[in-house]
Amino acid sequence: MFHIFETDNRVRSNLRNIHPYEPGVSEDTLRKQFGDKKLVKLNSNENALGPSPLAIQAIQDELPKLHLYPDGASELLRKAIAVYHGVEMDEVFAGNGSDDIIKLLSETFLDADDEIVMPFPSFSQYGFGAEVMNATIRAVPLRKDFSYDIEAVLSAVNERTKILYLCTPNNPTGTILKQSDFDWLMERLPAHVFVVVDLAYDNYATSAQRFHLTRQALEYPNVAYLHTFSKLYGLAGLRVGYALGNREVWSYVHRVREPFNVNRLAQRAAVAALTDTNHLHRSRELAMRSRLQYASLADHGFEVVPSDANFILVKTGNGWQTFEYLRAQGILVRAGYPGLEEYVRITFGVDEENAACIDGLLEVSKQPL
Ligand SMILES: *Cc1c(COP(=O)(O)O)cnc(C)c1O
């Protein structure tokens, strides 16, 4: 007998409403579209200087051992991170990118009908983790200048809130959470809320008022701090990130992670990258120079959101139109963020790439809307 398998009715019902994450167009797709034409890829907050050379060397040294499973506990990596931050090894959790850790925290904490609170606009993966678990998302708009509205964040918290996400510098706005605002929140937040502070771009931040990861911050039992090797360290293609926080929380997260969630090359490369201060300084300097380059757009009537990250949000009037115009010239930026229809997000490139993008923006500003 012939049966019809109704996929839509058999999968978990909340999955029907989830839209798969749409990343900035990948290198491979671009090659198909543009062939050998030179491209300026400023759409995924990748490091324009490439990976740390020490990481590349570590990968080469490790290649002959690829037939062996990695260390499931990522011990060498967690040890190196613990030393780097001055914490204990069991306060460090390693993941297949911090995306992995966001999903694992969602699986660890969220039951159906639990709630998360997150800023808006911000990194979509927080909401994705909640949707997968059939939890409810409370998105709290940032203020007009993209600073945190901490009173609104606090009022969004209720007895069902399991996780509060704070992203600083925030993606896609590049703006920071102030230390004083973090302290204000921590004094008032109910003890049952677990706070995830995403520091993916923290290494680029320079504002004096920004949240700082201190020993005291690490002692909150209900806070985890996320870091990634994808941005400053230039290892986005490897997939490795980590989180610092309460060892008891990690003892549960270990129960839901895959047994070998960080691959062998990623573990070795990340350890090497951590020691590569030369690459780190060059990457930071490039971000500082790039901020100055893009600041010149303000002289031409663009609103440029002051950035503490390795990207910048620029108001062009019509984000998609700007995107299309730049794309035709082989310059890829990001547009279409909900709530930011008038903006594009531009990842910092090397000096010439930034100059090309700025020229393109000046041209597009002459086009009729
Ligand atoms: C890029 C990014 C991450 C890191 O993602 P990985 O999975 O580690 O590559 C995390 N949070 C934010 C806000 C980001 O922009």
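Read the numbers this way: they start at 1 and go in the same order the structure lists the ligands and their atoms. The structure displayed is predicted, hence computed values, not measured ones. Quick note: residue numbers are just sequence positions, from 1.
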Undergrad: With a cut-off of 4.0 Å, which atoms of ligand 1 are near a heavy atom of G97?
TA: 6 (P), 7 (O), 8 (O)
Undergrad: Check step by step if side chain to side chain donor-acceptor pair (under 3.5 Å) holds for Y201 and D308.
TA: CA-CA 8 Å; Y201 302 96; D308 269 86; over 6 Å; no
Undergrad: I'd like to check which ligand 1 atoms, numbered from 1 as shown, lie under 4.0 Å from a non-hydrogen atom of S230.
TA: 6 (P), 8 (O), 9 (O)
Undergrad: With heavy atoms only and a cut-off of under 4.0 Å, state how Q125 meets ligand 1: side chain, backbone, both or neither.
TA: neither
Undergrad: Starting from the C-alpha separation in whole Å, work towards a yes-or-no answer on side chain to side chain donor-acceptor pair (under 3.5 Å) for H254 and R257.
TA: CA-CA 5 Å; H254 282 301; R257 74 172 171 87; 2.9 Å; yes
Undergrad: Does F128 have its ring centroid less than 6.0 Å away from the ring centroid of Y21?
TA: no
Undergrad: At a 4.0 Å threshold, what atoms of ligand 1 neighbour a non-hydrogen atom of R239?
TA: 6 (P), 7 (O), 9 (O)
Undergrad: Report the member of C167, S98, A236, A309 with the shortest heavy-atom distance to atom 5 (O) of ligand 1.
TA: S98
Undergrad: Side chain, backbone, both or neither: which part of F229 has a heavy atom under 4.0 Å from ligand 1?
TA: neither
Undergrad: For the residue pair E115 / N158, report whether a side-chain donor-acceptor contact shorter than 3.5 Å exists.
TA: yes
Undergrad: Measure centre to centre between the rings of Y242 and F229, then say whether the value is under 6.0 Å.
TA: yes
Undergrad: Considering the heavy atoms of T228, write down every atom of ligand 1 situated less than 4.0 Å from one of them.
TA: 4 (C), 6 (P), 8 (O), 9 (O)
Undergrad: In terms of relative ring orientation, are F123 and Y126 parallel, tilted or perpendicular, with 30° and 60° separating the classes?
TA: perpendicular
Undergrad: Under a 4.0 angstrom heavy-atom cut-off, which atoms of ligand 1 come close to K231?
TA: 1 (C), 2 (C), 3 (C), 4 (C), 14 (C), 15 (O)
Undergrad: Relative to ligand 1, is D198 under 4.0 angstrom through side chain, backbone, both or neither, heavy atoms considered?
TA: side chain
Undergrad: If you measure every N/O of D99 against every N/O of ligand 1, is any gap under 3.5 Å?
TA: yes
Undergrad: Would one find more than 12 heavy atoms of other residues, nucleotides or ligands at under 6.0 Å from atom CD of E258?
TA: no
Undergrad: Numbering the atoms of ligand 1 from 1, which are under 4.0 Å from a heavy atom of N171?
TA: 13 (C), 14 (C), 15 (O)
Undergrad: What part of A200 sits under 4.0 Å from ligand 1 if we count only heavy atoms: the side chain, the backbone, both or neither?
TA: side chain
Undergrad: Are a donor atom and an acceptor atom from the side chains of N170 and T175 found within less than 3.5 Å of each other?
TA: no
